[in-house]
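Worksheet: one structure, shown below.
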Amino acid sequence: MPSNKSVSDAPIVQFTNCRILRSHQLQREDLWVREGKILNPEKLFFDEKGSADIQLDCKGSIIAPGFIDVQINGGFGVDFSLATDDFKSGIDLVSQKILSYGVTSFCPTLVTSPPSLYHQVLPQISIRNGGAHGAGILGAHLEGPFISKEKKGAHPEHCLRTFEAGAFQDLLATYGSLDCVRIVTLAPEMKRSSEVIQELTKQGICVSLGHSVANLSQAEEAVQHGATFITHLFNAMLPFHHRDPGIVGLLTSDKIPAGRRVFYGMISDGIHTNPAALRIAHRAHPKGLVLVTDAIAGLGLAPGRHTLGQQVVEIDGMNTYIAGTKTLSGSVATMDTCVRHFQDATGCSAETALEAASLHPAQLLGIEHKKGTLNYDADADFLVLNDSLYVQATYIAGEEVWRQDTLVM
Amino acid sequence: MRLVILEDYDQASEWAAKYICNRIIQFKPSQGRYFTLGLPTGNTPLGCYRKLIEYHKNGDLSFKYVKTFNMDEYVGLPRDHPESYHSYMWNNFFKHIDIDPNNAHILDGNAPDLQAECDAFEKKIEEAGGIDLFVGGIGPDGHIAFNEPGSSLSSRTRLKTLAMDTILANAKYFDGDLSKVPTMALTVGVGTVMDAREVMILITGAHKAFALYKAIEEGVNHMWTVSAFQQHPRTIFVCDEDATLELRVKTVKYFKG
């Protein structure tokens, strides 16, 4: 049927015979796409008298928004905290490979590093749209160096810093530039953190609390100054205590400013967090849960030794430790594995598991009007999945950028 | 008239849908020779629409060469409001079938000149060669479309104020809040529907029984506007057992054959 080209000449694609994740539910609806965005078919019908140019039968599959990974340190031998000559092609490689895990946007994460590294590497990271070349880059996540010595985890002690002397200026001098920075993880108990958090928030950068020994009051104060995220809940922070819940207590704190929500990252790879702990967090604050991989260079590679910034890590199965120790350092989990494991461990619905990897990170970054949903006019970054939540195909801006070999569609 | 009595709502819906389907297929519509269908909204025709969609999905029925004209639309309700008749038709019918959007006509309740909109609608029907089959329902007050009691039986498409009965009946679609229900609508006239070559009225449920009685066992009366179809050469009333509850046993037995 000829479509009326009154608004646009671009082809209209209609994905039929599918269940789409919309309004927190999997609904039997078709998905319409034009010019890289989700199209409102009713408006098309009545306003433009238009119809689809191409119809694709999804054979009953699930269509969900593409996953957004806000904490990923590298993969496939690439380490974002290592300044190599071909750093740019390293980012390109990771962004291309993670398409098969359903990730359509991500925040390349840098662990604690010397200032020289930030000055060299950050200018090479640019915020850019995804496409056939790879997942979109939303901006860098700088995890450290303004973190606690006691909770440094796998971060190198000699690179830890404070901003006692010059507060925000110290931070800026350390990183060099904040142009393409999206998230900064810091320890809020550090002196002058309130000023820093306020300034970062003012500049539109998401402040996350992590690698910290803060108590609940310090964490709440940080939230009041603008912090909105917790980096890998439970890991690298004081354990929950019933008289001082620490950062974990933010999940049920009554001191969160009105209209704000605290989000928290969870690495649900089956190793970083006991399923019971995952369930406690999920049940306490289901709307704040953001799945992250915290994947490292060894993702996608054979077991053995790889680098993570200034450290050497050892991969043994799904476990990743600082070489020669039992200190966890990152993971080699893929985002879709995390989604499935999260569903298994909590018994939650497919919708909940999918939203934890798409809608919630989009809400964290304040971009849910265009990412993380299948609402009309949102960017057409989406996944075709089977009922067990295995990714069959990945689409960015309405174009297929990856497909499972066996996919018949 | 024909009075077709089916056992229950589902069977009545299926009978009606099959009738429409067969009419279209027998007509053999093609490029330049469209089958024109008048369509209703509301609860009653939902089952019929579901069946028509089923026939389409089975490959038995195409709407490629069908033109549709809806009976009415609220005035002042945004077109994308979930309770507008545009939304109803899109969600319950158009989005599931292969009709050309240029051939799906619904009155625009937000047109700057409402009477001009109504006149233009009449003209479109005329240009389409008139309606082959007008499918309608009946309100609890015996109205066809929004031709409320007191509407002229020769009326054409125009603006109407809704009767209290209608507003009350519609409140359930607006969170039970009477203040949210539109009070005016654009509607085809009784005369407009009478011009159709064939008319099929769907009536199901005990709450419509009295209206059916008034429409077919009493005289032609502008207080029960569906009664006008007693004077139409080809009208079928399709109903379920419950809708016949106020009819004489004699009438029911006669039509059951």
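Just so we're on the same page: letters track the sequence lines, and every chain starts at 1.
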Return the minimal non-hydrogen interatomic distance between P101(B) and G50(A), and the atom names on each side. CG-O, 3.4 Å
Please indicate whether N17(A) has more than 12 foreign heavy atoms, meaning atoms of other residues, nucleotides or ligands, lying under 6.0 Å from its CG. yes
More than 12 heavy atoms from other groups under 6.0 Å of OH on Y173(B): yes
Looking at CG of L44(A) and NZ of K95(B), how far apart are the two atoms once the value is rounded to the nearest 0.5 Å? 13.5 Å
Just verifying a value: how many Å separate H86(B) NE2 and E42(A) CD, rounded to the nearest 0.5 Å? 8.5 Å
Using a cut-off of 6.0 Å, state whether more than 12 heavy atoms not belonging to K124(B) lie near its atom NZ. yes
Counting only heavy atoms not in E399(A) (residues, nucleotides, ligands), do more than 12 fall under 6.0 Å from its CD? no
Taking the side chain as C-beta and beyond, is there a heavy-atom pair between I99(B) and F45(A) under 4.5 Å? yes
Mind checking whether F46(A) and D80(B) have side chains closer than 4.5 Å, heavy atoms only? no
Heavy atoms from other residues, nucleotides or ligands near NZ of K57(B) exceed 12 (cutoff 6.0 Å): yes
